[in-house]
Every structure is written in C-alpha cells, then in structure tokens.
**Student:** 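Pasting a structure here, questions to come.
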Amino acid sequence: MNLKNRNETETLAVCGSAPVFDQMVPVGQLYYPSWESYEESFRAIFERQYYTNQGPLTEMLERQLEERLGVGNAICVTNATIGLSMLAEALEIKGRVIMPSFTFIATAQSLYWSNLTPIFCDVDPETHHLDFDQLEILLQKGADAILAVNLWGGCCDIRRLEAIAGSYGVPLYSDSAHGFGCVVDHRHLGCFGSAEVFSFHATKIMSSGEGGCITTNDDELAERLRNIRSSYGIRRQVKVDRTANGRMSEAQAAIGLLSLQDLDNRILRNKHLHEAYREVLDGVSGLKILIPAGVDKSNYQYFVCEVDEDGFGLSRDELNKALQMENIFSRKYFYPGMHRSPPFCDNYPSYLESQPQTDKICSRVIQLPLGARVDEDAVALIGRQILLMQKHSRQVRLALGVR
Ligand SMILES: *Cc1c(COP(=O)(O)O)cnc(C)c1O
C-alpha cells in the first residue's frame, strides 16, 4: 500500500519525476488547416497577385460569415482589439462605458485607445458575466454605453441586457472574442445589441492566425465601419472622423475560410474533450467546473475550473505551478482584474476595493488545455495528474515551497 502510494507520488514532476508530457501542452486551440489545403489556397493568392485590400478571399469570408451567423454585415478586421476600438468610434460613443472588470486586457484597452472612460462592473460569481444588480446601480449614476463580454463559450443574459440598455437609451455592444459558433435563443452570437466583435486569433476556435470580425444588423453602422477600417476604401463613402488600417489580408482570409469549413467538427471535438475532463474531474472536492452559461449551444472554447484552496488542498497558483512542471501549460486567465491592471489601477484607484467577485474569481480560476494539441488520452492524463496532486497535496506543497 505504502509502496503504491510512493510510486504514485513519484509520477509527479513537482516531486522529482519526469513530466508526463515531453512537449508543452498549451491551453489555446491552435487548430490549423492541413498543409495541403493551406498550400493550395496560398498558391491561388500568389497566382492572382492580389494580397490585400478587400480581395476575393476576404469578400468570400465576409459573405460566408454573414450566412453562417444570420447577420446583415460581417466586417473582417486584422484582429479583435482594433475591431473593438473601431467599433467604439463608429458608434460615436463619447464618455463613459460600463464593462465587466473580469475580462482580457484588450476589452479595457480598446476604450483607452478611444479616449473613453471605463466604468468597471463586478461580475456574477456563477457565470463570470456582468452582474445585473451592479449594472443597474452604475446605469443610474449615468453611462454612455455598455460593453458586455461573453466568456468561456457562454453568453451573458443578452436578451435581458438588450432590454436594460434599451430602457436607459444607451448602445450595447459585445466583446464576443470567445463566442464564435455559440447559439442563444436559436440565433447565433453575432446578432445581438448594436454590434459584436469576434477574435480569430490562433488560440480561438475560429482562426485566421490573427484576425477578427465585427458583426451588425445596422447597415449605416456597417458602412461607417468599412470606411474606418480601410481609410475610406471600399463601397460607399460616408463621413467618419477617424480612420485606420484594420484590414484583413488575403493570407488571413485564406486560413479563415479553411477554419470556417471545419468549424463544426472542431466544436464537436472540443465538446468530447469537455466531457472527458468532466468524467475525471466532476465531484472532485474544491474544484468547481464551469459549465458554459446562457447558451443553447456552446463552442466549448475553454475548459475552466475554480480552485477552492481549502476544499482542494492546494491553491490555484500551486496547482498551476505543479501542472506547468508536467508541461501542462494551464493558465490563470484572467489575472488580475482590469481594476488592478495598469494603467487602470493607477488612473481609477477608486475601483480597487469595489470588485470583490472579480477579485475572488481571479484568485481561483484556471484553464486546462483544449483544442488541437490534446486528445481524450491526454485529457485523461491531465485529469489523473490533478487527482494525484490533490491526493498528495502536502508533498506537492512542500516540494513547491523548497523550490
Ligand atoms: C482574445 C481576446 C481579445 C483580443 O482578440 P485579438 O484578436 O487577439 O485582438 C479580446 N477580448 C477577449 C475576451 C479575448 O479573449
């Protein structure tokens, strides 16, 4: 018995064994098309010698995105961050924008670039999305727009949010960087509020390497966005104040088209990986698995847990370190909250003590690898190591302390 325990302990890298994975296993999706299909698309670009400026592949991708999402306008951009900034400009927002304090830095930075003032709103501890009670309080104090964030392949209660934004007469737009392929109320994410922004970064489920897209049913807004994106550029000229270069190149669009073709298979694959994690980790004390909330259909872009130190036996940071030593590159994402991130913590120190739920989630949340670089065996192995770490938490903690 004793011997068996020792053997199990010895399979943990933190206790001196070889890591269970030879190579780093990342969290992000990294689904890429086959070399053959990639080569074929790129050869065609070189034959056409049409490399950017709203070429045929970018046009085709925009039409396919509109069709897939059932939205009037898809405007492809070079990444989601610049998409969010251009959207704030196109919506002609001035002043203060309510956004959740629990999100990726790009959400807040998009406001900073646009000279807008973020108003940080705490989040719901169950869904990690905007807390509606806090939101109402902030709206009553006055705001000029709401920037919602849809996380983890789930969605904030977007219908309720649309109603609230409508009743206060402020525009609502969403950072849906995590949400491509999600379905809410029989409609695809991408059709809600004034507009939404998706990221097609390589770590997301729909990828063009770098890239993104803004979706809206408002044709006038779309026209302004096209003018801002390409320093006037294509289609009808409308008056805009600032312009930029946020164009998607043909190389990006080629990868995007291939990614879109295979998207349903990848979502299904991720769903199975989710289930494989849950088979091992459901019911583990101190580990709360986040189920994508508020959607009829998720894209399963992330597998997210919260670690309660007392229940689990290790803190999130300890678990994260022990996993990294196994070459399992789990992430504490997002950390810290926006209200504790520079420059916002320096510019708006009044928020430091007003976001208790975000603070708590930031200290507990962890993402485990999903996507192209793991299969069901790898997931079972990751799950097994987590169980071992819990079982031998005292030794793990000691070993980490020595290091
Ligand atoms: C990835 C991400 C972004 C930024 O997307 P880019 O395409 O890399 O600019 C913005 N917000 C959230 C929530 C993200 O996860």
Side-chain angles (χ1 to χ4, degrees), residues 26-31 61 65 74-88 97 99-114 116 118 120-121 123 127-130 146-156 158 173-182 189-190 192-193 195-215 229 244-249 251-253 255-256 259 270 290 292-295 298-304 331-338 341 344 358 361-362 365-367 370-371:
V27 158
Q29 300 293 316
L30 304 183
Y31 281 114
L61 180 59
L65 290 167
I75 294 126
C76 284
V77 287
T78 195
N79 61 59
T81 308
I82 199 163
L84 283 165
S85 277
M86 293 190 309
L87 179 54
V97 180
M99 59 163 281
S101 49
F102 185 65
T103 181
F104 183 55
I105 187 83
T107 319
Q109 278 288 348
S110 74
L111 300 177
Y112 197 56
W113 274 104
S114 308
L116 295 166
F120 295 125
C121 182
V123 296
T127 66
H128 296 184
H129 291 123
L130 278 172
I146 303 170
L147 170 50
V149 183
N150 297 309
L151 293 178
W152 314 142
C155 179
C156 57
I158 193 84
Y173 67 112
S174 305
D175 175 343
S176 297
H178 291 187
F180 196 89
C182 293
L189 219 56
F192 297 94
E196 296 184 46
V197 181
F198 295 105
S199 170
F200 298 161
H201 187 260
T203 54
K204 312 295 207 266
I205 188 126
M206 161 71 200
S207 165
S208 54
E210 288 278 3
C213 123
I214 311 167
T215 56
R229 171 187 60 182
N245 175 5
R247 283 184 289 262
M248 177 181 270
S249 72
Q252 287 174 291
I255 302 171
S259 182
N270 273 12
L290 238 93
V295 285
S298 175
N299 61 9
Y300 298 96
Q301 187 170 285
Y302 290 95
F303 188 82
V304 186
R331 263 187 95 178
K332 42 180 188 178
Y333 181 61
F334 314 105
Y335 179 87
M338 288 308 97
S341 303
F344 309 108
T358 290
I361 295 168
C362 286
V365 77
I366 191 167
Q367 285 77 28
L370 269 185

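Remember, it's 1-based here, ligands and their atoms both numbered in the order they're listed.
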**Student:** Taking heavy atoms and a distance under 4.0 Å, where does Ala177 meet ligand 1: side chain, backbone, both or neither?
**Tutor:**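 It is the side chain that gets close, since no backbone atom is under 4.0 Å.
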
**Student:** Is there a heavy atom in Phe102 that sits closer than 4.0 Å to ligand 1?
**Tutor:**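 No, that is not the case, since the closest heavy atom of the residue is not under 4.0 Å from the ligand.
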
**Student:** Using distance alone, determine whether Leu84 and ligand 1 share an N or O pair under 3.5 Å.
**Tutor:**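 In this structure, Leu84 places no N or O atom under 3.5 Å from an N or O of ligand 1.
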
**Student:** For Tyr302 and ligand 1, does the shortest N/O to N/O distance drop below 3.5 Å?
**Tutor:**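 No; the residue has no nitrogen or oxygen that sits under 3.5 Å from a nitrogen or oxygen of the ligand.
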
**Student:** Taking only non-hydrogen atoms of Gly83, do any sit less than 4.0 angstrom from ligand 1?
**Tutor:**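 No, Gly83 has no heavy atom closer than 4.0 Å to ligand 1.
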
**Student:** Below 4.0 angstrom from a heavy atom of Asn79, which ligand 1 atoms are there? Numbered from 1 as shown, please.
**Tutor:**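 Result: 7 (O), 9 (O).
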
**Student:** Name the option, out of His178, Lys204, His201, that contains the heavy atom nearest to atom 1 (C) of ligand 1.
**Tutor:**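 Heavy atom nearest to atom 1 (C) of ligand 1 belongs to Lys204.
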
**Student:** Does the side-chain contact (heavy atoms from CB on, under 4.5 Å) test come out yes or no for Val97 and Ile146, once each step is laid out?
**Tutor:** CA-CA 6 Å; Val97 180; Ile146 303 170; over 6 Å; no

**Student:** Counting each atom of ligand 1 from 1 as listed, which ones have a heavy atom of Gly211 under 4.0 Å away?
**Tutor:**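 The list of qualifying atoms is 7 (O).
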
**Student:** Is the Phe334 to Trp152 ring centre distance short of 6.0 Å?
**Tutor:**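 When the ring centroids of Phe334 and Trp152 are compared, they turn out to be within the sub-6.0 Å range.
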
**Student:** Would you say the side chain of Leu111 lies within less than 4.5 Å of the side chain of Met99, judging by non-hydrogen atoms?
**Tutor:**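 Sidechains of Leu111 and Met99: in contact.
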
**Student:** So which protein heavy atom does atom 4 (C) of ligand 1 come closest to, and at what separation?
**Tutor:**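 Here the closest protein heavy atom is Thr81 OG1, 3.7 Å.
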
